[in-house]
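Scroll down for the structure; my scribbles are underneath it.
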Amino acid sequence: MTEILRENVEEKFKWDLSPLCGDDEDFYSKVERAKKYLPELKKYEGKLNNKNNIYDFLMLEKEVDELLEPAQQYCFLKNTECLSNEKYNEMQEKLYMMLSEFSMETSFATSEFYELSDELLDDIIKDEKFKNYDRMFENIKKDRVHKLTKEEERLVAGMDFLGGFSDNMEKASDVDYDYGVVENSKGEKLKLTQSLYGKYMRSDDRTLRKNTFCHLNGKFGENINMLACNYINDVKATCYFSKVRKYQSALSAALESEEVKSDVYYLLIKMVNKHLPVLFDYFKLKQIELGLDDFYIYDAMASTEKGEQKKYTYDEAFEVIKKALTPLGKDYLALLDRAKNERWIDVFPNKDKRSGAFESGIYGYHPYVMTNFEGDLDSIFTLAHELGHAMHSYFSDKNQPREKSGYTIFLAEIASTTNEVLLINYLLSKAQTDEEKKSLYNKLFDEVKATIFRQTMFAEFEEKVHAMHEAGEGLTKDKLCNEYYKLNERYFGDVKLVDETKYEWARIPHFFNSFYVYKYATGMITAICFANRILSGEENAISDYFKFLSAGCSSDPVTILKNSNCDLTSEKTFEWCFGYLKEMLENWKNLN
């Protein structure tokens with residue numbers, strides 16, 4: 001299969017970045033103009049000790065953000081279009097260097113803010129002029145124990161290169177590695193890429209599934225020494241900075257930065273482990289649907305859809321999504337139309353385009369979505385997922401000031417997954433045959449397996465690896481691989497594993513954003529709550545959901561959810577979610 005070049009993709013299927021920067025020249029113009037602000041910002045060093053100076057500094061900083069953020073977004077999105085394009089790689093490096101300089105030269109502000117007296121902080125928090133910054137100063141007052149001296153903050157601010165471990169992994173997996181070809185049961189050789197991995201793993205060809213799983217994970221196994229060294233150094237850096245800032249652990253540092261208590265993390269792991277039988281029952285049902293005498297890990301993603309799977313055009317996929325999201329109202333649907341017609345979305349894969357999908361939004365501009373649309377049902381779910389992110393960004397920006405618009409990552413996966421839950425319910429309601437319904441139940445539980453159970457397994461892996469290092473235990477490639485394999489044994493029950501399973505951790509990019517993945521699981525649990533309240537017609541369900549969409553970071557994330565009638569500190573929320581899943585499993589069983 002020949003990968004299409006970027007220039008051969010129709011313009012209507014490529015995002016329009018002109019609202020951010022008219023062209024590359026405009027990008028460099030914005031960057032040069034922003035540089036001129038640095039001397040003005042530095043004039044405030046040593047002077048952020050009264051309200052007037054603090055306010056003027058914040059307003060100047062806001063002007064810089066309004067200039068740099070669209071340039072930074074433009075640069076990031078251009079780079080993802082073709083990761084091997086040296087022009088945009090160089091552009092990104094130059095921008096990073098400038099941002100690093102800004103961060104270093106203005107790091108004094110962080111230290112000086114944390115040196116303010118409680119009396120002055122309280123005065124600022126009560127001052128109407130600072131109303132958009134009250135939460136920022138409340139957190140400064142609360143978190144000052146974790147801050148360093150001015151000179152130490154300056155040193156830390158210049159260590160952005162320690163974030164390069166993630167770049168190393170991305171460049172290796174998305175650009176350098178050639179995954180070659182895999183054979184199907186007919187002996188045909190098919191090109192394997194990261195984008196095609198999911199497609200092959202959902203195939204009804206078991207030989208292709210096995211070869212795909214073993215070949216791609218085995219490719220990472222061939223390079224496991226370098227990959228393990230890269231990840232171990234990332235873990236060391238994460239643990240080092242949490243220790244320097246006097247956090248109890250790397251986990252507590254990650255959670256406290258989002259105002260989430262560790263109780264939520266451990267409650268998730270506890271409740272998911274308690275309900276592992278839900279996952280095991282799903283695998284048994286899937287084995288029956290596939291007509292297999294045994295069940296291997298490479299069968300876990302297989303589609304149960306009989307015959308040739310339906311293909312969708314991009315336009316058809318978009319219409320399905322709109323119908324599924326009709327319960328959210330006309331204004332929501334109109335925004336979806338804008339996203340398509342105004343080219344917020346980069347749709348199809350091209351050579352060296354970043355794999356997967358994402359949404360990226362900045363204040364004052366509409367959000368952008370990248371997908372690698374393949375025309376299958378999974379592509380529709382991916383598009384619905386990313387559009388959920390986009391709508392969350394849009395409503396937060398619309399209803400909150402810049403300073404309170406950026407919702408935390410803890411909340412980031414909820415709107416996206418709510419869209420998916422609404423979509424699966426819509427498709428089930430329209431299914432004409434038992435076979436269609438079985439296929440959709442499989443799709444639902446495939447998502448549950450991937451999002452609730454698998455991400456919680458990832459969360460356990462991260463917690464164990466960081467805790468091992470913090471306890472003084474040396475990390476090695478064998479320890480990482482063995483720990484990951486043992487977790488798979490527990491989470492997959494009677495499912496048979498293959499040796500290449502132990503290398504899978506090395507291809508998970510989110511591990512380089514420590515303690516991120518558990519939020520996929522809490523996100524889906526919350527999404528099930530929201531979606532089913534909406535579909536059942538419960539009073540205030542829709543208003544509660546839009547209250548959540550519009551909240552930004554106006555409060556801590558757990559409180560935002562509680563205010564929208566979803567409490568992740570209560571076992572009852574988890575029990576309700578798994579009760580719903582058990583009911584859906586029964587519906588599936590009754591079709592046999």
Side-chain angles (χ1 to χ4, degrees), residues 1 4 9-10 12-13 184-186 188 190-193 195-209 212 282 285-286 288-292 298-327 333 336-337 339-340 345 347-349 355-357 369 371-388 416-417 419-451 531 584 587-588 591-592:
M1 182 185 295
I4 189 170
V9 178
E10 289 186 64
K12 66 180 181 178
F13 299 123
N184 61 18
S185 59
K186 298 177 182 179
E188 298 169 333
L190 304 175
K191 183 171 177 60
L192 178 62
T193 66
S195 293
L196 290 171
Y197 176 81
K199 177 181 179 181
Y200 294 167
M201 290 301 294
R202 289 183 290 274
S203 169
D204 59 3
D205 187 328
R206 199 181 194 195
T207 300
L208 178 59
R209 295 199 304 269
T212 297
Y282 160 58
L285 267 175
K286 188 159 194 168
I288 293 171
E289 293 295 338
L290 294 172
L292 299 175
Y298 49 75
D299 298 317
M301 288 177 62
S303 171
T304 60
E305 188 172 346
K306 302 296 190 293
E308 186 175 350
Q309 296 186 16
K310 183 177 179 180
K311 302 292 284 187
Y312 299 82
T313 67
Y314 175 58
D315 288 340
E316 289 170 340
F318 215 91
E319 287 306 307
V320 169
I321 291 170
K322 285 178 60 181
K323 289 176 181 177
L325 302 182
T326 296
L333 297 182
L336 294 177
D337 284 331
K340 182 184 180 187
I345 309 167
V347 182
F348 293 111
S355 61
V369 165
T371 71
N372 282 278
F373 186 82
E374 296 283 356
D376 55 6
L377 190 60
D378 280 332
S379 292
I380 300 181
F381 274 89
T382 297
L383 180 57
H385 180 100
E386 300 304 335
L387 286 170
S416 54
T417 314
N419 274 10
E420 291 194 73
V421 177
L422 290 172
L423 177 57
I424 195 75
N425 276 276
Y426 169 77
L427 293 172
L428 278 168
S429 72
K430 296 298 179 182
Q432 299 296 311
T433 67
D434 286 351
E435 289 304 317
E436 283 183 83
K437 291 177 182 177
K438 288 178 182 180
S439 178
L440 289 168
Y441 282 124
N442 174 70
K443 173 64 180 173
L444 168 63
F445 281 94
D446 198 23
E447 292 297 323
V448 168
K449 179 260 297 178
T451 307
M584 297 298 271
N587 291 342
W588 186 357
L591 295 174
N592 291 315

Which heavy-atom pair separates [X] from [Y] by the least distance, and what is that distance?
{"X": "N442", "Y": "W588", "value": "CA-CH2, 3.7 Å"}
{"X": "A384", "Y": "N419", "value": "O-ND2, 3.0 Å"}
{"X": "L440", "Y": "A431", "value": "CD1-CB, 4.1 Å"}
{"X": "A317", "Y": "I380", "value": "CB-CG1, 3.6 Å"}
{"X": "F318", "Y": "D337", "value": "CE2-N, 4.4 Å"}
{"X": "Y441", "Y": "M584", "value": "CE2-CE, 3.7 Å"}

Determine yes or no for a side-chain-to-main-chain donor-acceptor pair under 3.5 angstrom, with [X] supplying the side chain and [Y] the backbone.
{"X": "T451", "Y": "E447", "value": "yes"}
{"X": "S379", "Y": "E374", "value": "yes"}
{"X": "N372", "Y": "G356", "value": "yes"}
{"X": "T371", "Y": "V347", "value": "yes"}
{"X": "Q432", "Y": "K430", "value": "yes"}
{"X": "E316", "Y": "T313", "value": "yes"}
{"X": "S203", "Y": "K199", "value": "no"}

*D315 and salt bridge (Lys or Arg N to Asp or Glu O under 4.0 Å): which partner among K322, K12, K340?*
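Of the listed options, the one satisfying the test is K340.
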
Note: [X]-[Y] ion pair, threshold 4.0 Å (strictly below):
{"X": "K186", "Y": "D205", "result": "no"}
{"X": "D446", "Y": "R202", "result": "no"}
{"X": "E319", "Y": "K323", "result": "no"}
{"X": "K311", "Y": "D376", "result": "no"}

*Check whether more than 12 heavy atoms from other residues, nucleotides or ligands sit under 6.0 Å from atom NZ of K310, and answer yes or no.*
no

_Assess, by modelled atom type and distance only, whether the side chains of K286 and Y282 contain a donor and an acceptor separated by less than 3.5 Å._
yes

